[in-house]
Amino acid sequence: MGKAGGGERRRWWVWTLVLLLAFSALGGSYWLYYRSIKEAVYSTTHSFMEQIADHDHLNIANQMDSKTEYLGMILGRIGASRDSRFEDVIYDLGVEARTTSFDTLYLITAEDEAYSSSYLKNALGEMPWAEEFRRADSRFVMRYDEASAERWGEFLVYGVRLPQPVSCGEKEISGAVGLVPISEIAGQMRLESFDGQGIAAVMQSSGDIITASRQYSAPDNNFLTPLERAQFKNGGSLEACRQAIQRGDSLFAEYSLDGSSYYAMFQPLEHHGGNDWYLVVRVSTRVTEDQVRMLITRSVPFFLVLGLLVLGVTYFIYYSMNSVKVARASAQAKSAFLANMSHEIRTPLNGIVGLQYLMRQNLDDREKLENYLKKAEVSASFLQNVITDVLDMSKIESGQMEIYRGRMDLNALMEEVGVLLENQTAQKGLRFCVDRQGLAEPFVWGDALRIKQILTNLLGNAVKFTPEGGEISLTVEQEIKDGTALTVFRVADTGCGMNPEFLKRIWSPFEQERRIASQNGTGLGTTLSKTLVEKMDGSISVESQLGKGTTFTVSLPLPLADPPDEEPSAGGAARTGHSLRGKRVLVAEDNEINRMIVVSILEELGCRLTEARDGKEALDAFEGSSPDSFDLILMDIQMPGMDGYEAARRIRALHREDAGRVPIIAMTANAFREDIERALAAGMSDVATKPLDIKLLLQKIERLWEGEELS
């Protein structure tokens with residue numbers, strides 16, 4: 001009964017999850033549909049507003065052209081009639097003013113005199129449009145407001161200046177000017193639109209309104225002034241509007257003002273005739289909202305039917321195909337994984353085996369032996385990297401990957417990475433440079449091990465895919481803000497590059513671009529790098545071009561750290577000679593070959609060795625010895641019977657003076673941070689990971705003994 005109840009609960013739980021997923025998919029589809037409808041209506045509105053602006057723009061331009069062309073025609077008649085009297089021309093000018101839309105017409109003489117159609121003579125300099133006339137090469141249009149005792153109103157001033165004056169009686173005519181009431185321009189514009197929810201206005205670049213539709217008014221007759229209170233959307237701003245207007249660019253903006261939202265289209269009037277006018281079409285966003293609401297309401301029944309279909313399909317998939325797909329995916333993933341790992345592990349292993357054979361054949365040739373040993377070290381290092389990548393990927397997939405932050409020196413880290421890459425780049429004939437000039441604050445908080453892993457992964461790829469004679473660079477830059485250094489690393493190469501299709505898959509596990517015969521690797525490097533960067537709240541991106549190279553950019557926000565009180569002495573870091581001769585060392589290792597290697601190395605250095613095959617033998621050997629019989633214990637972790645953790649704990653718990661102070665170094669193939677912490681918690685003094693780096697092991701021993709008086 002209990003099992004049946006448990007199964008029933010599981011089924012209900014599964015169905016609940018399925019329903020949640022189905023409705024989530026349906027809700028997501030509805031949201032996407034809503035967004036697409038909204039964008040379509042928005043795009044249509046935008047397009048319609050552009051058409052309105054283009055229509056009004058054309059009307060205004062035509063009107064300007066017609067007025068200036070009319071003035072040109074008047075001047076043409078004067079020039080064609082050689083024997084006209086100037087008084088008759090002025091009289092005709094008055095007739096022209098009364099029978100056309102011009103309020104006043106002026107003829108300008110070469111002596112800078114202005115004769116109006118109302119038979120008044122003025123000096124050109126007294127006219128408010130004189131400077132504009134003098135600057136004009138041929139035509140101009142400007143706004144002019146007059147508030148004199150004789151006349152007041154708002155006018156557009158149209159002017160034509162001749163390249164060469166023409167004779168008219170005793171006068172030389174250099175141009176003509178006409179004033180038209182500004183209200184006339186509104187009659188040529190389709191200013192109202194969208195059922196009264198749209199307005200249009202002609203303004204100067206300063207925002208001062210020349211004319212606007214009847215439904216629009218501004219307190220100071222400036223279109224831009226109210227926008228100082230507006231909330232712009234989609235990254236827009238009033239400053240962006242002003243800059244676009246000053247440049248003479250078109251602009252589309254969306255903003256909220258006084259509880260209402262609007263779209264606004266700013267379009268220059270092409271600075272026609274030297275003016276700086278803009279046409280503005282503004283429409284309330286209610287236009288699009290009403291249309292979207294109508295379309296969405298009509299689509300609800302469709303989505304209800306679609307929801308039922310989704311549930312039906314989900315039911316079928318869950319009960320009929322789920323197990324088949326899971327089994328197939330599992331088999332494919334396992335096959336792909338094993339195929340990749342078989343290739344990547346066998347390749348360096350084959351190299352090591354072959355090199356061992358060659359070394360046996362050339363035991364008397366020291367130069368060849370050294371060359372083979374170097375190559376064997378490279379293969380072994382690659383094999384270690386493959387295993388590390390696979391283990392790291394396993395930790396990520398199980399959710400156990402952690403970031404451990406500590407104070408770090410980026411200068412030292414960059415130097416270490418550079419040293420690691422020097423040999424690889426030199427062997428391949430590549431130019432490699434490290435640029436730290438942009439490093440403002442080297443001391444930060446971060447996981448130095450993981451950052452180094454990211455950089456070496458990316459640099460390793462650069463070495464792999466860059467042909468001989470190419471260049472590889474590692475640069476770092478920082479931007480300091482609020483106690484955090486946004487640190488940007490760039491790894492660039494001049495290699496073969498990647499095609500756009502592969503760039504879409506570059507962050508997926510086991511993905512490799514099979515274009516180079518010498519290529520090797522697990523395809524996990526970029527995936528691990530991306531995961532580690534994101535766990536450190538950073539970002540990673542890539543740019544690449546076929547035949548030109550690739551650049552990876554890693555951005556990490558690293559909190560600033562205080563520099564250490566004292567820099568480590570150069571002598572302490574470079575020590576190579578703390579003598580081991582005569583030291584008594586207990587080695588606990590269950591693997592005979594590993595034990596033999598450690599024992600042989602230490603014996604060559606003059607140590608006296610005691611061997612143990614498991615933790616129990618190591619404990620018995622220490623417990624059965626006299627105090628201070630051992631200067632050091634090297635303890636393997638995974639051993640049969642009693643493991644290294646338990647052996648270390650029991651040694652530390654012994655009631656004898658040397659039990660608490662004898663150095664114990666763990667030798668473990670478990671290289672994860674939590675394994676290292678577990679070893680330290682068990683009483684170990686330090687940890688050396690396998691495969692053992694003998695130089696590093698000796699350095700760890702020296703650091704433990706540094707300053708101690710050993711008998």
Side-chain angles (χ1 to χ4, degrees), residues 340 343-352 354-355 358 368 370-386 388-389 414-436 452-476 488-530 540-554:
N340 275 285
H343 174 268
E344 302 307 332
I345 291 175
R346 286 177 182 273
T347 298
L349 188 59
N350 178 70
I352 293 172
L355 289 166
L358 292 173
K368 285 188 176 180
E370 289 180 351
N371 184 41
Y372 294 150
L373 283 170
K374 288 180 180 178
K375 293 181 178 179
E377 288 175 355
V378 172
S379 295
S381 176
F382 177 73
L383 182 59
Q384 181 181 358
N385 290 337
V386 170
T388 299
D389 283 352
M414 295 283 284
E415 186 174 348
E416 291 175 16
V417 172
V419 171
L420 287 173
L421 267 290
E422 279 180 357
N423 288 336
Q424 297 182 42
T425 53
Q427 289 174 3
K428 200 172 178 182
L430 303 174
R431 293 186 294 276
F432 175 54
C433 66
V434 178
D435 184 357
R436 293 178 283 170
K452 189 187 301 182
Q453 182 178 1
I454 293 167
L455 296 179
T456 52
N457 275 341
L458 300 179
L459 286 166
N461 283 341
V463 172
K464 187 189 309 179
F465 295 108
T466 302
E468 183 177 353
E471 297 182 6
I472 297 174
S473 65
L474 169 61
T475 61
V476 60
V488 179
F489 301 93
R490 287 187 178 85
V491 175
D493 64 64
T494 59
C496 61
M498 292 174 276
N499 65 53
E501 287 301 317
F502 178 72
L503 284 175
K504 298 175 183 178
R505 312 190 310 273
I506 190 173
W507 309 116
S508 301
F510 307 115
E511 288 290 345
Q512 295 174 291
E513 192 173 15
R514 305 285 181 179
R515 293 189 293 107
I516 299 179
S518 61
Q519 175 197 325
N520 52 29
T522 62
L524 295 176
T526 53
T527 305
L528 285 169
S529 297
K530 180 176 176 61
I540 182 171
S541 62
V542 60
E543 296 178 0
S544 185
Q545 286 186 308
L546 283 175
K548 294 186 178 180
T550 302
T551 300
F552 283 90
T553 302
V554 176

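- Here the CD-OG distance, from Gln453 to Ser529, works out to 7.0 Å after rounding to the nearest 0.5 Å.
- The two atoms that bring Lys428 and Val463 nearest to each other are NZ-O, 2.5 Å, heavy atoms only.
- Side chain of Arg431 to backbone of Ile472: no donor-acceptor contact under 3.5 angstrom is found.
- Thr494 contributes a side-chain N or O that, together with a main-chain N or O of Glu471, makes up a donor-acceptor pair within less than 3.5 Å.
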Item to check | Stepwise side-chain contact (heavy atoms from CB on, under 4.5 Å) check, Phe489 with Leu455 | outcome: CA-CA 8 Å; Phe489 301 93; Leu455 296 179; 3.8 Å; yes

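- In this structure, OG1 on Thr456 lies 11.0 Å from CD on Glu416, to the nearest 0.5 angstrom.
- Across all their heavy atoms, Val434 and Gly418 have their closest contact at CG2-CA, 4.2 Å.
- The environment of Glu468 atom CD is sparse: at most 12 non-hydrogen atoms of other residues, nucleotides or ligands sit within 6.0 angstrom.
- Environment of CD in Glu543: sparse, with no more than 12 heavy atoms of neighbouring residues, nucleotides or ligands closer than 6.0 Å.
- Between Ala462 and Val491, the shortest heavy-atom contact is CB-CG1, 4.4 Å.
- Annotation: the span from Leu459 atom CG to Ile454 atom CD1 amounts to 11.5 Å, rounded to 0.5 Å.
- The CE atom of Met498 sits 15.0 Å away from the NZ atom of Lys548 when rounded to the nearest 0.5 Å.
- Here CD of Gln545 is found 9.5 Å from OG1 of Thr550. Values are rounded to the nearest 0.5 Å.
- Rounding to the nearest 0.5 Å gives a distance of 10.0 Å between CG of Leu474 and CZ of Arg436.
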Next on the checklist: Would Leu458 and Val554 count as a side-chain contact (heavy atoms from CB on, under 4.5 Å) here? Give the steps.
Outcome noted: CA-CA 10 Å; Leu458 300 179; Val554 176; 3.8 Å; yes

